[in-house]
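All remarks here apply to the structure that follows.
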Amino acid sequence: MISLPVLIAVGPCLMLAMAALALCVVNVGFSRTTHALLWAAGCATGAAQWGAMSLQGLLDARTTNGGPVVDLLGIASISLLAEGFRVRRHGERGRHVVAVAAGVATLLLLTLFALPAQPIRAAVTPVLSVGLLGWAAATVRPRIGRMQPTEAVVIGVLLAVALVHAVGAGLALAEQMGVLRSHSAYNILYLLSVEPASAAVAMSALLIIAFDYAVELRRLLHTDPLTGVLNRQGFDHHAAQAFERGRRIALAIADIDLFKAVNDTHGHAVGDAALAGFGHYLAERTGRDGVVARLGGEEFAILLTGFDAEAALARVEEVRAGLAGLAVADVPDLRVSASFGVAERRPGEPLLRTVERADAALYRAKRAGRDRAVLAETAA
Amino acid sequence: MSPLAVILVALVSISAVVAMMLSAAWHDLGRPEHARTWASAFAVTAATWFLPFTRAMDWLGDTTVAVLMPGLAGYAAVLFAIGFRQRGGLPPWRLRLFGAAFANTLALSVVAHLWPGPSWIIPYAALGAGAFALSARALRGRRRGERAAERVAEGGLAILTLLHLLVLAGVAGMEAGLLTLRLDRLAVATLMGLPGIIGGVGLFTIILLTADLADQTRRQAATDMLTGLLNRRGFEAAARQVLAAVRRDARQLALVLIDVDHFKSINDRFGHPAGDRVLAQVAQRIGQGIGRRDVFARVGGEEFALILADTDLQAAACAVEVLRLQVETTTFDLPEPTRITASFGMAAVDDEDEGLADLFLRADRALYRSKANGRNRVTVAA
């Protein structure tokens, strides 16, 4: 029968080499991102680590503890993976993590060669790994909104692997201090966890790339390309979400006054720029109070959450008044005004009905001379 | 700690993790049916490799486990094939494939009872080879998504098919007395490779999901949702490519801008949804009248752009005149009969080294003249 150290080292080596290859395919094929490259490098380094481990195992079947080269490769691998997660979240600014990891690795190298028999040696790698993995897991948390299952699974996997390392560190220390029989529990944990852990981390990286694509795809499907605000689909999606949460919702339908004249006088290009400027202005002024969508043509909607009818009217009036001094397109004497119809959603009312009431109010605003906000009648 | 236990734990936990990941992927990546099918394949695989633990506890007899394991593995292989067929948009053949897996279980128990020795594995090896070959074919059958990822998956599936065939050939050779193999060594080698193989399969299923999404995202970013044509971004990218090719080969090219006349009044009279239907119909009508190599896009509200490749200006003008007539004679899906027309402005690439933006500007000016001269006409830029 084959010896244990070889057995446990060959599995993760192959697994990580495959993962590195897979991530390279992803990189060359379609996702030219820095974090995918870092993950590929991390997996390749990990494969090298276990390859080195396996070679040592073949030479001396009694050791399962790798020695300085293996430790260093291990730390480098986990640092690269963690840095990949950081770059994915925060962009490429500031490479301090890699720098820190390199510093720690140098320190470790010195420690290992200077103090080969110290208990630190067995514990340093796992302790560093726990920190890096826990921190990588923290970068996966969603910035806004609810956590999705994919994020939860990836965080779970990273934390589980971190936990294995933490227990490993504890066991290693206990063994060094003579509390545990030498290399028994530590080894068993290592034997059982190493291959699944490397597979899981590598697959998490791939899964999160897929997840990012899904998010981007939804953004594309929900965004109006001209103005950058939500489109009809995105509006319906957001409204449905707000309805689900049972928040108080008010809706304003906005329509640029005499927009046809803008198009006819200045041409389509200026008309488009005016639409984009108007949408941008609405989104900026609405801020965190709600979302802005372009429903079609020059018609926009503002969905205000946590507002009743009067508060919404006051808020919309503010937005409308701000339009007076705004140059929406880069044309010096072009000013636009807009009319607004505001309605608060009544309990149990379908979205379409609220839109209709707001539309009716908008119609009254137009009839009354434009450039004003009008509240929908409360009686239907 | 026996090496066998290490491998078994790895097999169960890797399969379980992949099953979990694919379930999450199904939920978050637009609910592709095949992700769920693959997730169940991995769940079955996890169950398969959990069985030996029950043998250790003496819940089941040796023979039962020996039949159950390849039996379950057969179901996993079949689920894979179903997933690949779903992904390729083919009929999943659920009944046929589950039937094959069931037949595999029956055959396994018959063979295990009648012929002691390695031949017991033959039904499974045959089913596995068939299922993976079928998966590879489904991948080849209808190409979609990213080429590189599909090639990796195809290679992986080919290796899996080959491995099953090798087992088949090996066992058959031993039964026929042509081969003598050290079974214990082979078993160890197989077991050692298995976590890697299962992990590898997990990796390439996730890559395929990623690649499909990447492709969809790229196409979506270039597509106008209402008409299904290219949008402005997609048009510019495509136009630049065509323009570069035309310059290189000193060929001719015409850019046509199209604007639906009085579109605003259609919206005002019949509402936005009706206006959207009109745009979609105009897009469809013009799309039918152009060649496959021409680039056609919706570049603004009611504005379309068309690149006619390899045509001189005169021929292009004739073709565009036909398009104008086609729009004029279309019966639109509106509450009352309404005559809808469009104005056209076109420009050809000059000898001068002009960019896309300049070409666009000249065509736009021509379009403006069409509008000023009474609409429903074609104007060629000077």
Side-chain angles (χ1 to χ4, degrees), chain A residues 1-4 7-8 10-11 14-15 18-19 21-22 25-26 28-31 148-154 156-157 187-188 191-196 199-200 202-204 206-207 209-211 213-214 216-218 220-221 225-226 231 233 259-260 263 267-269 271-272 295-297 299, chain B residues 1-3 5-7 9-10 12-14 17-18 20-21 23-25 27-30 146-149 151-152 184 188 192-193 195-196 198-200 202-204 206-207 209-211 213-218 220-221 224-225 231-233 259 264 267 272-273 275-276 300-301 303 364 368:
Chain A
M1 206 64 191
I2 204 142
S3 80
L4 263 177
L7 182 71
I8 58 156
V10 167
L14 284 178
M15 197 64 238
M18 270 195 295
L21 185 74
V25 168
V26 168
V28 173
F30 45 92
S31 161
Q148 299 298 310
T150 302
E151 293 167 319
V153 166
V154 171
V157 161
N187 275 3
I188 289 175
L191 301 183
L192 290 182
S193 66
V194 154
E195 184 162 10
M203 282 188 276
S204 305
L206 265 173
L207 189 63
I209 294 177
F211 179 75
Y213 269 114
E216 169 68 6
L217 182 61
R218 206 178 51 200
L220 281 172
L221 286 169
L226 178 64
N231 61 14
Q233 253 174 309
F259 183 69
K260 189 171 147 49
N263 261 343
H268 273 289
D272 284 355
L295 300 182
E299 194 172 280
Chain B
M1 185 105 237
S2 90
V6 174
I7 292 174
V9 169
V12 173
S13 46
I14 289 178
V17 166
V18 180
M20 212 163 63
M21 285 184 170
S23 309
H27 184 276
D28 288 346
L29 310 185
E146 193 50 55
R147 297 291 293 266
R151 261 192 226 128
V152 171
D184 52 341
V188 169
M192 270 186 68
I198 290 179
L203 276 174
F204 75 65
I206 297 177
I207 294 187
L209 290 174
T210 316
L213 268 174
D215 193 56
Q216 219 181 328
T217 309
R218 201 169 33 204
Q220 192 59 51
D224 170 57
M225 252 181 289
N231 61 16
R232 181 154 207 136
R233 198 176 346 178
D259 195 282
K264 170 87 175 133
N267 265 343
H272 280 299
D276 287 353
E303 196 172 298
D364 201 34
Y368 184 78

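The figures that follow rest on heavy atoms only: side chains count, while hydrogens, waters and symmetry mates do not.
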| task | Mind checking the CG-CE spacing from A:L220 to B:M225? Nearest 0.5 Å is all I need. | result | 8.0 Å
| field | Test side chain to side chain donor-acceptor pair (under 3.5 Å) applied to A:T150 - qualifying residues, sequence neighbours left out | value | B:D28
| field | Per-residue contact mode, A:A199 against chain B (heavy atom under 4.5 angstrom) | value | side chain
| query | Any side-chain heavy atom of A:E195 within less than 4.5 Å of one from B:I7? | reply | no
| message | Heavy-atom pairs under 4.5 Å with chain B: which of A:L226, A:L221, A:V157 has the most? | response | A:L221
| Given a strict heavy-atom distance threshold of 4.5 Å, which part of B:D259 is in contact with chain A: side chain, backbone, both, or neither? | side chain
| Taking all non-hydrogen atoms of both residues, which atom of B:T210 and which atom of A:Y213 are closest, and how far apart? | CG2-CD1, 4.1 Å
| Minimum heavy-atom distance between A:P196 and B:I14, given as atom pair plus value | CA-CG1, 3.7 Å
| task | Report the distance from atom CZ of A:R218 to atom CG of B:L29, rounding to the nearest 0.5 Å. | result | 11.0 Å
| How long is the gap from CG on A:L217 to CD on B:Q216, to the nearest 0.5 Å? | 5.0 Å
| message | Distance check, rounded to the nearest 0.5 Å: A:I209 atom CD1 versus B:I207 atom CD1? | response | 9.0 Å
| said: Do B:M21 and A:L206 have side chains that approach each other closer than 4.5 Å (heavy atoms only, starting at C-beta)? | reply: no
| message | Show the nearest heavy-atom pair for residues A:M203 and B:G199, with the distance to one decimal. | response | SD-O, 4.3 Å
| task | Quick one: pull up CG in B:L213 and CZ in A:F30 and give me the separation to the nearest 0.5 Å. | result | 9.0 Å
